Structure formats: structure tokens, C-alpha cells
Amino acid sequence: MSSGSIKVETLMNSLHRIHEVSLIAFFSISMVAIGFALTILAPPLLNILETGAFSLRLSFFKTSLEKHVDVAIMGVFLLVTGLTIFVQMVDEELHEGLSKLAELIPEFNTSVKLVQYMKLGIAISTIGLVAMVIGGFNHVVTALMLALTGIALALSCTTRNRDSDYCESVPFQVRLLIGGLLIMFGIASFTTSRVFPFTVLTIITGGLLTIISGIGFSILLAGFDKAFESPTLWIASLMSLTVVLLPISFLMLYLELPEIVMKMYGNCRT
């Protein structure tokens with residue numbers, strides 16, 4: 001088998017692997033997005049509809065959360081379920097496929113490394129939001145959640161999996177910085193008995209990491225358009241920049257990859 005044939009076969013396998021997990025990524029990230037909406041937006045909106053009052057103060061959000069804790073719990077359930085599905089069924093397969101692709105097309109290297117921040121960003125935002133809900137009832141548990149998450153993040157990759165794509169793409173300095181921030185947020189929550197400012201900062205930190213991964217995914221999809229002449233993926237790359245529409249970008253990738261593979265098969269035969 002020639003070197004060119006091996007490269008084409010590897011490329012096909014990478015695209016097939018990415019295609020398989022793209023649909024699951026669409027559903028899992030959509031669940032996370034809906035969970036965020038139910039937890040952050042739904043309780044205040046329901047409170048506004050019931051009372052007609054509105055305030056930007058954290059006390060208003062806390063009151064709304066306490067009155068509609070059932071909605072928030074439903075949101076947290078969707079958050080945790082979506083994150084679990086993403087971590088267990090999407091993350092490893094997606095990055096393995098992307099890494100193989102980057103080996104064949106070096107221009108994808110930077111964007112693939114940025115996409116590695118997606119799991120970390122979603123996980124930190126989810127933990128921050130869950131800690132916020134719990135903090136409405138017990139600030140000690142929230143402080144422990146933030147501090148323990150920070151310690152786990154700072155120590156990750158120090159004992160095992162040092163050669164994994166995640167450990168290579170997310171430098172030790174970044175893990176230590178974010179882990180240190182979360183530890184500080186946990187200590188501050190415990191000493192001040194105030195959880196909302198620090199959980200909000202945790203959510204923002206995770207959101208920034210998710211934005212970074214969204215930029216990487218956008219660059220990746222734009223590279224797909226350039227390499228495989230797929231205008232649909234160029235549109236998807238613009239949508240992924242918004243982060244909110246990131247699930248739609250995965251769905252468009254899922255729908256478009258079979259066309260790309262068929263086009264490549266046709267080119268190989270001719």
C-alpha cells in the first residue's frame with residue numbers, strides 16, 4: 001500500500017470518527033445549554049411574571065432561585081447529564097479524530113489544541129452553576145466544591161496521562177492558574193459566607209475557556225471549508241464563534257461530513 005493510500009485511509013478514518021461523535025456532541029452540548037437557561041434565566045423570569053418586580057441585585061436571583069428551586073434542579077440535572085455524556089462519549093473520540101487529522105494537515109494543529117479547552121470550559125461553568133444553586137442553601141458545600149475542583153485541576157496530569165492530548169494542549173501553567181483561582185474562590189466563599197460573587201466568577205472563567213474553544217472550533221471548521229470546499233462549514237464556523245450556537249455547528253458538521261467523504265471517494269476513483 002502506497003504512502004498516499006495510507007494517508008487517504010487515515011484521513012477517512014479520522015473524518016468517520018469525527019462524524020460519529022458530532023451528533024452526540026450536538027445533543028450533549030444542547031442539554032448543557034438548556035440546563036444553563038433553566039438554572040440561570042428561568043427562575044428570575046418566572047419571578048418577574050409572578051411579582052412584576054425586577055432587580056439586578058444578587059438577592060433577587062437568590063430569592064427567585066429559592067422560589068423556583070424545582071426548575072433550577074431540573075436545569076442542574078440537564079447540565080450534569082449533558083456534561084457526563086460529553087466527557088464519556090464525545091471528548092476522547094473527538095480529539096483522537098482531530099489529532100489524527102492534525103497530523104495529516106499541520107495547519108489544523110493550533111485549532112485542535114484550542115478545541116481541547118471545550119471540556120474544561122464547560123465543566124468549570126457547570127461546577128460553578130451547580131455550586132451557585134447549592135450555595136443558596138449551604139455556603140460550606142459550595143466552598144468545598146470550588147476548592148476541591150481547583151486542587152484537582154492544579155494536580156491533573158501530574159501523576160498519570162501526561163502524554164494525553166488534553167495535558168499537552170492545556171499547559172501546566174494554565175491548569176495551575178485556573179486551579180489556584182478556584183481554590184481562592186472556595187476560600188473566599190467560606191470566609192465571607194458569600195457564594196454568589198465567587199460562583200459567578202467561576203462561571204465566567206469557564207465561559208471564557210469555552211469561548212477560546214469556540215474560536216478554535218471556528219478556525220477548524222473554516223479550515224475544513226478551505227480543504228474540502230464546503231461552504232456549509234464556513235457558515236458553521238461563524239456560528240461557533242457565538243458559543244451559544246456551538247451545538248448547531250456540531251449538527252452542521254455531522255450533516256456535512258458524509259458529503260465530504262463521498263466527494264473524496266469520487267476524487268480518489270478519478
Side-chain angles (χ1 to χ4, degrees), residues 29 31-87 117-156 158 170 174-212 243:
I29 299 177
M31 290 176 69
V32 171
I34 294 170
F36 263 95
L38 285 175
T39 309
I40 288 183
L41 300 178
L45 288 175
L46 290 171
N47 199 15
I48 292 170
L49 291 173
E50 290 173 358
T51 64
F54 174 72
S55 173
L56 293 175
R57 294 183 178 182
L58 290 174
S59 58
F60 174 76
F61 178 78
K62 183 177 179 180
T63 302
S64 303
L65 188 62
E66 291 173 346
K67 291 177 63 177
H68 300 284
V69 67
D70 53 338
V71 177
I73 290 174
M74 187 185 302
V76 168
F77 173 77
L78 285 174
L79 273 170
V80 175
T81 304
L83 176 62
T84 302
I85 293 173
F86 185 84
V87 171
Y117 286 87
M118 188 176 297
K119 176 180 69 175
L120 183 61
I122 294 174
I124 290 176
S125 294
T126 300
I127 290 168
L129 193 55
V130 173
M132 177 186 288
V133 174
I134 294 175
F137 308 96
N138 191 321
H139 74 279
V140 176
V141 177
T142 293
L144 285 173
M145 283 184 64
L146 297 179
L148 291 176
T149 301
I151 293 171
L153 179 58
L155 296 179
S156 62
T158 56
V170 183
V174 174
R175 300 195 303 270
L176 184 62
L177 173 62
I178 299 172
L181 282 175
L182 293 179
I183 293 171
M184 289 174 58
F185 293 160
I187 294 172
S189 296
F190 180 76
T191 55
T192 64
S193 300
R194 299 176 63 191
V195 299
F196 284 94
F198 306 108
T199 51
V200 168
L201 289 173
T202 302
I203 294 170
I204 291 173
T205 301
L208 291 175
L209 292 173
T210 307
I211 289 172
I212 290 173
V243 177

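All values reported here derive from a predicted model rather than from experimental measurement.
Here Ile178 contributes atom CD1 and Thr149 contributes atom OG1; the two are 12.5 Å apart, rounded to the nearest 0.5 Å. The distance from atom OG1 of Thr210 to atom CD1 of Ile204, rounded to the nearest 0.5 Å, is 12.5 Å. Atom CG in Leu177 sits 9.5 Å away from atom CG in Leu153 (nearest 0.5 Å).
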Side chains of residues 71-80: which donor-acceptor pairs under 3.5 Å do they make with residues two or more places apart or in other chains?
none

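A heavy-atom distance below 4.5 Å is found between the side chains of Ile124 and Leu120. Looking only at side-chain heavy atoms (C-beta outward), Met132 and Thr39 stay at 4.5 Å or farther from each other. The shortest distance between side-chain heavy atoms of Ile127 and Leu182 does not fall below 4.5 Å.
Here the closest non-hydrogen pair linking Ala131 and Leu146 is CB-CD2, 4.2 Å. Residue Phe36 comes nearest to Thr126 through the heavy atom pair CZ-N, 4.0 Å, listed as atom of the first residue, atom of the second, then distance. The two residues Thr192 and Ala188 make their nearest non-hydrogen contact at OG1-O, 2.6 Å. Minimum interatomic distance between His139 and Val195 (heavy atoms only, all atoms of both residues): CB-CG1, 3.4 Å. Residues Ser125 and Gly207 come closest through the heavy atom pair OG-N, 3.1 Å. Minimum heavy-atom separation, Leu83 to Val32: N-CG2, 3.7 Å.
Judged by distance alone, the side chain of Thr199 and the main-chain N or O of Phe196 form a donor-acceptor pair under 3.5 Å.
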